[in-house]
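Here the structure comes first, spelled out in structure tokens, and everything after it is commentary.
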Amino acid sequence: MTTHGTLGVAVIGVGTMGADHVRRINDVISGARVAAVADIDGDRAKALAETIEGCAAYADPAAAMASPEVDAVLIASPGPAHEEALLTAFEHDLPVLCEKPLTPDAASALRVLEAEQRLGRRRVQLGFMRRFDAEYLRLKKVLDEGRLGRPLLLHCRHRNASVPPYFTDAMLINDSVVHEVDCTRWLLGQEITAVTVLRPAPSSDSPEHLGDPQLVIFETDGGALVDVEIFATCGFGYQVQTEAVCERGTARIGEGHGMLTCAAGRWGGEITRDYVERFEDAYDREVQGWVDATRRGEVIGPSVWDGYAAAAVCEAGVTAQTTGRRTTVELAERPAFYT
Ligand code: NAD
């Protein structure tokens with residue numbers, strides 16, 4: 001499994017997330033090294049590889065995955081490039097950590113689902129990192145223990161200070177709310193069956209092409225309702241909050257009660273700037289968990305099925321957004337392979 005006692009990882013796509021994962025593997029976690037980086041921007045790959053001992057640079061992800069130095073692959077290229085990279089990793093039978101989304105739509109996600117099943121065993125951990133966040137893990141434990149009774153509602157808030165100018169309405173669902181899709185499925189252990197999107201009059205600070213904020217409502221097959229406020233241009237910072245309302249109590253996370261300062265007659269704290277800061281520990285645990293499991297010959301965490309289900313819900317979400325109608329989710333039957 002490992003070339004030099006440690007797991008030789010090829011990181012595919014070294015933009016914001018890929019470069020951060022390279023730093024993480026190099027400086028933070030144990031048991032792995034960055035053996036190769038690949039980016040269609042070959043100069044970017046080369047510049048990064050030069051900072052890491054024994055790291056080769058490629059412009060072609062397939063060439064990186066064919067290297068004998070590479071034992072596992074971390075895919076951090078944009079979503080539309082994931083299917084090809086995943087199928088190439090499968091050809092080499094390499095374990096994969098794939099950033100979300102699995103792929104940008106349900107049809108391509110289904111192709112990956114079928115390809116992984118043909119391998120006969122799971123190879124992919126999907127990068128829904130909130131499942132590794134300490135607060136989310138605590139909430140999951142409370143709900144699973146059942147002492148608050150059955151969860152009836154989830155109230156979720158997902159706020160970004162700002163988004164790039166190319167960010168679209170569909171991206172609110174596919175890039176942001178996709179995390180609440182996965183958290184809902186994971187926290188409740190239920191599938192999402194229908195999506196409705198409601199819009200207030202947009203914020204005057206939101207770009208003209210973006211109807212921001214929006215309220216996204218999920219119905220689940222266990223009878224729960226979930227509301228998600230997505231506010232991508234709130235201006236003041238990055239906030240992700242979830243409150244579970246159960247039969248005999250509530251549980252809330254994401255209040256951001258870190259250090260409290262008192263000075264000059266005021267008290268206050270800080271709001272994280274972005275996801276890299278808010279979920280730093282979760283990313284560390286996610287990648288360490290992947291490396292440890294891979295070295296044991298195991299696969300943990302969110303699966304290709306979770307990626308497919310998220311893609312199917314997001315597709316319904318974008319339809320609900322554009323038509324203004326409640327939209328049911330079309331989901332294939334879950335293969336026994338993923339139970
Ligand atoms: P980015 O644009 O900053 O970086 C993408 C990099 O991939 C660029 O360097 C680009 O040149 C390269 N690239 C493009 N096509 C490629 C291909 N076919 N093969 C190899 N490299 C290619 O994007 P990002 O923000 O780093 O996002 C990367 C992935 O991470 C996306 O799937 C995104 O959805 C995901 N992401 C996840 C989180 C999270 O919280 N888990 C947060 C942000 C982004």
Side-chain angles (χ1 to χ4, degrees), residues 9-24 36-49 56-66 70 73-89 96-105 108-109 112 124-133 136 158-168 170-183 186 230 232 238-240 254 272-287 289-290 301-302 306-307 310-311 314:
V9 177
V11 178
I12 311 297
V14 285
T16 308
M17 288 307 291
D20 197 43
H21 286 318
V22 165
R23 176 197 60 80
R24 178 167 289 109
V37 290
D39 198 297
I40 50 166
D41 181 343
D43 290 340
R44 182 176 288 175
K46 197 160 169 286
L48 188 57
Y58 297 86
D60 174 14
M65 288 190 244
V70 169
V73 185
L74 195 164
I75 299 173
S77 48
H82 290 183
E83 180 180 4
E84 189 181 344
L86 283 160
L87 296 181
T88 306
V96 181
L97 174 57
C98 180
E99 264 304 343
K100 65 86 196 159
L102 180 67
T103 64
D105 56 77
S108 52
V112 174
V124 181
Q125 175 181 328
L126 193 60
F128 283 126
M129 77 300 182
R130 288 191 195 175
R131 296 194 189 198
F132 294 85
D133 175 70
Y136 272 98
H158 187 151
R159 297 174 180 147
N160 291 68
S162 63
V163 284
Y166 56 78
F167 214 80
T168 61
M171 290 171 82
L172 290 175
I173 303 286
N174 291 328
D175 287 65
S176 300
V177 176
V178 65
H179 284 291
E180 275 75 21
V181 170
D182 184 63
C183 284
W186 174 65
I230 174 66
Y238 181 75
Q239 268 185 338
V240 168
T272 50
R273 278 188 315 272
D274 56 22
Y275 49 82
V276 173
E277 187 183 343
R278 163 66 182 86
F279 286 110
E280 183 182 8
D281 292 345
Y283 293 123
D284 289 351
R285 266 194 291 271
E286 170 189 63
V287 178
W290 173 62
D306 296 311
C314 287

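Both counts, for ligands and for their atoms, begin at 1 and track the order of listing.
- Contact record, V73 with A89: CG2-CB, 4.4 Å, taken as the closest heavy-atom pair.
- Taking the side chain as every heavy atom from C-beta outward, F279 and T272 never approach each other to under 4.5 Å.
- Any N or O atom pair closer than 3.5 Å counts here, and E99 shares at least one such pair with ligand 1.
- Contact annotation for F128 and ligand 1: no heavy atom of the residue comes within less than 4.0 Å of the ligand.
- In summary, the atoms of ligand 1 found under 4.0 Å from a heavy atom of Y275, numbered by their order in the structure, are 42 (C), 43 (C).
- Within a 4.0 Å radius of atom 2 (O) of ligand 1, the protein has no heavy atom.
- In terms of N/O distances under 3.5 Å, ligand 1 is approached by D39.
- The shortest distance between side-chain heavy atoms of Y58 and D39 does not fall below 4.5 Å.
- Using a 4.0 Å cut-off between a side-chain N of Lys or Arg and a carboxylate O of Asp or Glu, K46 and D41 do not qualify as a salt bridge.
- Between the choices K100, H21, R130, the shortest heavy-atom distance to atom 33 (C) of ligand 1 belongs to K100.
- A 4.5 Å side-chain heavy-atom check between V124 and L86 finds at least one atom pair inside the cut-off.
- Looking at ligand 1, you'll find an N or O of M17 within less than 3.5 Å of one of its N or O atoms.
- At least one side-chain heavy atom of Q125 sits under 4.5 Å from a side-chain heavy atom of E286.
- Atoms of ligand 1 lying under 4.0 Å from at least one heavy atom of G127, given by number and element, are 41 (N).
- Regarding atom 40 (O) of ligand 1, its nearest protein heavy-atom neighbour is Y283 OH, 2.6 Å.
- For atom 31 (C) of ligand 1, the closest heavy atom belonging to the protein is S77 O, 3.6 Å.
- The shortest heavy-atom distance from E84 to ligand 1 is not under 4.0 Å.
- Annotation: side chain of D306 is in contact with side chain of D182 (closest heavy-atom distance under 4.5 Å).
- The closest side-chain donor-acceptor pair between E99 and H21 falls under 3.5 angstrom.
- With respect to atom 16 (C) of ligand 1, the closest heavy atom belonging to the protein is I40 CG1, 3.6 Å.
- R130 and Y136 form a side-chain donor-acceptor contact under 3.5 Å, judged by distance and modelled atom types alone.
- Atom NE2 in H82 sits 4.5 Å away from atom SG in C98 (nearest 0.5 Å).
- Close approach of ligand 1 to P101 (heavy-atom distance below 4.0 Å) involves ligand atoms 32 (O), 34 (O).
- Near P61, the atoms of ligand 1 lying under 4.0 angstrom from a non-hydrogen atom of the residue are 19 (N), 20 (C).
- Only the backbone of A76 comes within contact range of ligand 1, with a heavy atom under 4.0 Å; no side-chain atom does.
- Heavy-atom proximity to A81, at under 4.0 Å, picks out these atoms of ligand 1: 17 (C), 18 (N).
- Among protein heavy atoms, atom 25 (O) of ligand 1 sits closest to T16 CB, 3.9 Å.
- Near G79, with a cut-off below 4.0 Å to any heavy atom, the atoms of ligand 1 are 32 (O).
- Comparing A38, P78, G13 against atom 5 (C) of ligand 1, the shortest heavy-atom distance belongs to P78.
- S162 OG to R273 CZ: the interatomic distance, rounded to the nearest 0.5 Å, is 12.0 Å.
- Between Y275 and Y283, the ring planes are perpendicular. Angles over 60° get that label, and only those under 30° would be called parallel.
- Of all the atoms in ligand 1, the ones that sit under 4.0 Å from a non-hydrogen atom of G15 are 3 (O), 4 (O), 6 (C), 9 (O), 26 (O).
- Below 4.0 Å from some heavy atom of H82 lie the following atoms of ligand 1, by number and element: 32 (O).
- Within the 4.0 angstrom cut-off, atom 7 (O) of ligand 1 has one or more protein heavy-atom neighbours.
- The residues R285 and D133 are annotated as not salt-bridged, no charged nitrogen and carboxylate oxygen being separated by less than 4.0 angstrom.
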